[in-house]
Amino acid sequence: MKKQVQEVDFLIIYEHKVRELENMCLIKYELERRGYRVVIRHIEDQEALEAVKPVYHAKVVTTMACYQNASLEWHTKDFVTFDKVIDMQWENIVYPKDERAGVFKNYTGIGREVVRVSWGEANKRRLLESAHMDPRNIKVVGHVGMDFLRDELKGYYLGREELFREYGLPTDKKVLLFASPFYADNLSEEYIAGMCRKHGEDWRDYYDFMMRSEKAILEWMERLCNSRDDVLVIYRPHPGHIGRHMSEVEARCKHFRVISDRSIKQWIVASDIVYTGNSSTIVEAFFAGKMCYLLFPYETTEGFELKLVSAGRKVRTYEEFARTVEEKNPAFPIEKEAINEIYLVDEKTPSYLKFADMAEEVLKDDSYALTKRQLASYRRKQPLGVRLQKKLQRWDWFYDRYRAALADDNCHNKWIVKQRELRQRQAQAHKRFEIESTSEEEINDIIARIAAQLDHQPLPSEQE
């Protein structure tokens with residue numbers, strides 16, 4: 001553990017690598033180009049998990065979502081102190097049922113006080129009308145991730161042949177990409193109950209809709225692969241949700257692959273046709289200039305269908321699905337006007353520049369700072385024993401001996417044994433995040449590829 005607190009201007013915290021990391025690196029690239037100190041950390045970063053006192057002081061923390069007090073406490077833990085918060089709100093598009101005042105995704109507690117990114121005017125209206133946020137704290141800057149599909153970053157992604165060679169995929173097939181909006185089919189009852197507490201008991205009905213839809217779509221895809229030798233189906237799981245049914249189809253079908261790593265945009269630009277369901281992925285396909293079909297074998301649970309896709313043309317049967325493979329000049333299933341309402345489209349200025357301008361404003365303007373009351377209010381009140389332990393652990397002499405005792409298998413002190421067991425349970429609980437964490441080398445590699453496009457600088461490998 002670091003003995004000295006590291007001062008940074010921006011600490012960027014992310015949850016899902018494939019959803020957020022490239023976007024965070026683009027922001028880091030621009031803010032560092034302007035001279036700021038920027039650090040990227042995963043929400044379950046080992047350094048953060050083990051910290052018992054601040055490792056960083058960040059003038060601004062950016063979070064992946066800040067719905068309520070627990071969200072911010074999960075992000076910041078004990079490893080960072082901060083003055084201001086920007087919520088990236090990667091779930092800008094919510095279910096219609098989540099637009100009512102007072103529901104989980106319309107913010108409570110500290111969630112009402114932070115600065116929040118909005119991709120477009122539709123979400124801004126929701127934040128004003130349903131969440132009753134301060135208009136000054138709502139920043140419409142567009143979706144930074146869409147910048148990777150602009151001409152300025154056109155060469156960022158790997159070409160199809162290079163990408164497919166890396167994954168051992170055939171290059172002589174018509175490539176059909178399915179971006180799954182479904183949660184995994186092996187969720188525990190504890191997880192499902194937790195989602196119901198957040199979103200209402202009807203989330204259980206929505207989960208049933210997802211499982212029935214997944215099963216039907218997997219049957220369609222296996223049937224198609226078995227009837228044609230000229231197609232390759234790439235099944236992209238929802239971030240963090242690899243289920244057993246998709247893996248079973250992959251084991252049976254040589255033209256069906258489940259691939260969860262790399263960003264969805266990398267696979268969109270390398271595919272011929274894109275498919276999805278109740279998901280905003282259709283917009284990424286639109287910006288990439290790719291056709292995207294909406295697969296809906298069943299009617300969506302009431303209140304859970306995104307407005308973005310509700311008026312769209314849907315594929316309901318296997319026969320319709322099979323015809324899409326050969327359809328000539330198909331019309332995009334949703335209107336461009338619907339996309340423009342949700343995503344700020346600015347052909348002149350990329351969203352990462354708009355974000356950087358906004359972040360500079362927040363950094364420099366003290367009026368965006370959270371008050372002492374706000375900073376003290378978001379943490380749960382802990383028992384006296386826990387508070388005492390935390391105070392002792394902030395003392396380096398005590399903490400060094402505490403860690404040594406934990407590592408000493410010959411130490412059978414009851415309190416140490418209990419602490420050892422607690423840490424083991426925490427490690428097991430956070431195991432699902434292991435694949436999401438990344439290294440500085442990976443972050444630097446992504447930024448180098450970004451700079452190669454925006455600054456026209458050669459990549460390190462090209463300089464050798």
Is [Y] paired with [X] through a side-chain N to carboxylate O contact shorter than 4.0 Å?
{"X": "K59", "Y": "D83", "result": "no"}
{"X": "D87", "Y": "R116", "result": "yes"}
{"X": "E30", "Y": "R33", "result": "yes"}
{"X": "E44", "Y": "K77", "result": "yes"}
{"X": "E7", "Y": "R37", "result": "no"}
{"X": "K173", "Y": "D229", "result": "yes"}
{"X": "K139", "Y": "E361", "result": "yes"}
{"X": "K124", "Y": "E129", "result": "no"}
{"X": "R313", "Y": "E335", "result": "no"}
{"X": "K17", "Y": "D261", "result": "no"}
{"X": "D185", "Y": "R212", "result": "no"}
{"X": "E341", "Y": "K307", "result": "no"}
{"X": "E121", "Y": "R125", "result": "no"}
{"X": "R136", "Y": "D365", "result": "yes"}

Sidechain-backbone polar pair: [X] side chain, [Y] backbone, donor-acceptor under 3.5 Å:
{"X": "R257", "Y": "Y167", "value": "yes"}
{"X": "K314", "Y": "V309", "value": "yes"}
{"X": "N186", "Y": "G243", "value": "no"}
{"X": "S351", "Y": "V141", "value": "yes"}
{"X": "H57", "Y": "V8", "value": "no"}
{"X": "D346", "Y": "T349", "value": "yes"}
{"X": "T371", "Y": "Q374", "value": "yes"}

Do we see a donor-acceptor contact under 3.5 Å between the side chains of [X] and [Y]?
{"X": "S71", "Y": "Q68", "answer": "yes"}
{"X": "E219", "Y": "Y318", "answer": "no"}
{"X": "Y157", "Y": "E22", "answer": "yes"}
{"X": "Y107", "Y": "E113", "answer": "no"}

Please name the pair of heavy atoms, one in [X] and one in [Y], separated by the smallest distance, quoted to 0.1 Å.
{"X": "N69", "Y": "I110", "value": "OD1-N, 2.8 Å"}
{"X": "V269", "Y": "A288", "value": "CG1-CB, 4.4 Å"}
{"X": "S271", "Y": "L177", "value": "OG-CB, 3.4 Å"}
{"X": "G277", "Y": "L294", "value": "O-CD2, 3.5 Å"}

Look up atom [atom1] in [X] and atom [atom2] in [Y], then write down how far apart they are to the nearest 0.5 Å.
{"X": "R19", "Y": "S263", "atom1": "CZ", "atom2": "OG", "result": "13.0 Å"}
{"X": "K28", "Y": "I12", "atom1": "NZ", "atom2": "CD1", "result": "7.5 Å"}
{"X": "T108", "Y": "Y67", "atom1": "OG1", "atom2": "OH", "result": "12.0 Å"}
{"X": "E152", "Y": "L353", "atom1": "CD", "atom2": "CG", "result": "8.5 Å"}

Looking at [Y], does the NZ or CZ of [X] lie under 6.0 angstrom from its six-membered ring centre and within 45 degrees of the ring axis?
{"X": "R236", "Y": "F178", "value": "no"}
{"X": "K84", "Y": "Y368", "value": "no"}
{"X": "R449", "Y": "Y156", "value": "yes"}

Notebook entry, point to check: Parallel, tilted or perpendicular for H143 and Y343, by the 30°/60° rule?
Noted result: parallel

Aromatic contact, [X] with [Y] (centres under 6.0 Å):
{"X": "Y183", "Y": "Y207", "result": "no"}
{"X": "F304", "Y": "F209", "result": "no"}
{"X": "Y275", "Y": "F321", "result": "yes"}
{"X": "Y14", "Y": "H42", "result": "yes"}
{"X": "Y95", "Y": "Y206", "result": "yes"}

Next item on the list: List in chain and number order the residues that pass side-chain contact (heavy atoms from CB on, under 4.5 Å) with D172, two or more places apart in sequence or in another chain; answer none if no residue qualifies.
Entry: P170

Checklist line | side-chain contact (heavy atoms from CB on, under 4.5 Å) involving H199 - partner list, sequence neighbours excluded | finding: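 Partners of H199 by the side-chain contact (heavy atoms from CB on, under 4.5 Å) criterion, ordered by chain and then number, come out as D98, F104, K105, M195, W203.
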
Margin query: Test salt bridge (Lys or Arg N to Asp or Glu O under 4.0 Å) on E440 and R41; report intermediate values, then the result.
Written below: CA-CA 10 Å; E440 287 299 316; R41 283 288 179 269; 3.1 Å; yes

